[in-house]
Amino acid sequence: MKIALIGYGKMGHEIEKIAKERGHEVVLTLDTLINPQDFTKENLQKAEVVIEFTRPDAAFENYKKCFEAGVPVVSGTTGWLDKMPEVEKMCKENGKTFFYSSNYSIGVNIFFRLNKFLAKIMDGFDNYDVNMVETHHIHKLDKPSGTAITLAEGILENFHRKNGWTLEAKDAKEKVLINSVREGEVPGTHSIKYYSDIDDIEIIHTAHSRKGLALGAVLAAEFLKGKPSGFYGMDDMLKF
Ligand SMILES: NC(=O)c1ccc[n+]([C@@H]2O[C@H](COP(=O)([O-])OP(=O)(O)OC[C@H]3O[C@@H](n4cnc5c(N)ncnc54)[C@H](O)[C@@H]3O)[C@@H](O)[C@H]2O)c1
């Protein structure tokens with residue numbers, strides 16, 4: 001496939017490597033720090049799909065430019081989810097194609113499933129409370145991570161003693177407390193703990209590198225080929 005990359009940072013570089021290994025052609029790399037002048041409709045139209053990993057405050061404008069050019073978008077940028085209803089509307093009403101996951105790693109998506117399953121079981125045992133810790137590298141801009149938000153939503157759907165998530169310990173009685181740690185170059189670790197006086201039950205996902213994330217994004221681009229317009233996610237691709 002002919003792929004354009006928007007955002008040529010840590011993820012952009014990793015995605016380029018994997019896309020080439022899988023036989024794709026990277027026809028364009030766009031990054032505001034390097035070549036903002038190349039961000040044109042004509043250039044975008046050279047690609048069959050765009051893979052976008054930029055910044056929370058840039059993502060939505062980038063999607064709109066790709067949609068105007070009529071090119072499907074795979075995005076992994078986190079921290080823009082307040083605009084999600086607008087993007088869904090563009091897909092539904094204006095025939096645009098968009099794939100989003102807060103985490104493209106296959107292992108994390110298995111972990112998402114496990115998290116929901118565990119929350120459902122723990123809902124029946126009143127003596128347990130729950131909290132989460134997410135640890136990432138010091139360059140990460142958003143807090144909590146998009147993955148932590150997805151995990152919290154998975155808990156909230158199934159564990160009815162909580163009514164939201166929070167970063168504040170003072171609100172932890174009614175909400176799922178997320179402790180966001182920023183440390184060194186950690187690629188991403190998420191742990192969820194159900195705790196009681198008697199014992200704790202903890203599940204942990206530890207990423208060893210960005211490779212799984214980049215591979216998932218390229219697989220999502222491959223998945224979109226020939227698909228009708230719409231809003232897609234990992235559940236569509238992995239068919240759990
Ligand atoms: N969904 C996932 O699986 C996943 C995985 C890793 C990172 N992320 C998210 O992806 C995003 C990028 O992560 P990263 O580690 O590559 O960050 P990074 O800072 O290394 O790279 C981002 C790049 O985007 C560029 N950029 C900023 N604004 C732009 C714009 N308007 N147009 C084009 N380029 C622009 C920056 O110059 C930079 O080079 C972050 O939001 C991060 O949280 C998601």
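Note that ligands are numbered from 1 as they come in the structure, with each ligand's atoms numbered from 1 the same way.
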Got the closest protein heavy atom to atom 9 (C) of ligand 1, with its distance? G76 O, 3.5 Å
So for atom OH, which belongs to Y195, do other residues, nucleotides or ligands contribute more than 12 heavy atoms lying within a distance under 6.0 Å? yes
Using a strict 4.0 Å cut-off to heavy atoms of N62, name the atoms of ligand 1 that fall inside it. 30 (C), 31 (N), 32 (N)
Against heavy atoms of G7, which atoms of ligand 1 measure under 4.0 Å? 24 (O), 34 (N)
Can you name the atoms of ligand 1, numbered from 1 with element, that are less than 4.0 Å from a heavy atom of L33? 37 (O)
Regarding K64 and E61, does a basic nitrogen lie under 4.0 Å from an acidic carboxylate oxygen? yes
Counting heavy atoms under 4.0 Å, the part of S102 that contacts ligand 1 is backbone
Mind telling me whether H136 and H190 have parallel, tilted or perpendicular rings, with 30° and 60° as the class edges? perpendicular
Which residue supplies the protein heavy atom nearest to atom 17 (O) of ligand 1, what is that atom called, and how far is it? K10 NZ, 4.1 Å
Name the option, out of R55, E52, H139, that contains the heavy atom nearest to atom 27 (C) of ligand 1. R55
With backbone taken as N, CA, C and O and side chain as the heavy atoms from C-beta onward, which portion of T77 lies under 4.0 Å from ligand 1: side chain, backbone, both, or neither? both
List every atom of ligand 1 that sits less than 4.0 Å from any heavy atom of N103, numbering the atoms from 1 in the order shown and giving each element. 1 (N), 2 (C), 3 (O)
Output yes when E16 and K20 qualify as a salt bridge under the 4.0 Å nitrogen-oxygen rule, no when they do not. yes
Considering only non-hydrogen protein atoms, determine which one is nearest to atom 3 (O) of ligand 1 and report residue, atom name and distance to 0.1 Å. Y104 N, 2.9 Å
Are K211 and E14 within salt-bridge range, i.e. N to O under 4.0 Å? no
Can you label the angle between the W80 ring and the Y100 ring as parallel, tilted or perpendicular, going by 30° and 60°? perpendicular
Relative to each other, are the rings of Y63 and F67 parallel, tilted or perpendicular (30° and 60° limits)? tilted
How far is atom 40 (C) of ligand 1 from the closest protein heavy atom, and which atom is that? T54 O, 3.7 Å
shortest atom 4 (C) of ligand 1-to-protein heavy-atom contact is with F53 CE2, 3.5 Å
Which residue supplies the protein heavy atom nearest to atom 41 (O) of ligand 1, what is that atom called, and how far is it? T78 N, 3.2 Å
Check K140 against ligand 1 and report side chain, backbone, both or neither, counting heavy atoms closer than 4.0 Å. side chain
Where's the contact between L213 and ligand 1, heavy-atom distance under 4.0 Å: side chain, backbone, both or neither? side chain
So which heavy atom in the protein is nearest atom 35 (C) of ligand 1, and how far is it from that ligand atom? T32 OG1, 3.2 Å
Checking heavy atoms under 4.0 Å, the part of I34 that sits near ligand 1 is neither
With a 4.5 Å cut-off on side-chain heavy atoms, are K162 and F159 touching? yes
Within the structure, is a non-hydrogen atom of S101 found at a distance of less than 4.0 Å from ligand 1? yes
Which residue supplies the protein heavy atom nearest to atom 37 (O) of ligand 1, what is that atom called, and how far is it? D31 OD1, 2.6 Å
Carboxylate-amine/guanidinium contact D126 R161, below 4.0 Å: yes
Spacing of I106 atom CD1 and L219 atom CG [to the nearest 0.5 Å]: 6.0 Å
Run the salt-bridge test on D171 and K173 with the 4.0 Å N-O cut-off and return the result as yes or no. no
Among M11, R210, M234, closest by heavy atom to atom 13 (O) of ligand 1 is M11
Within-4.5 Å side-chain heavy-atom neighbours: R22 and E222: yes
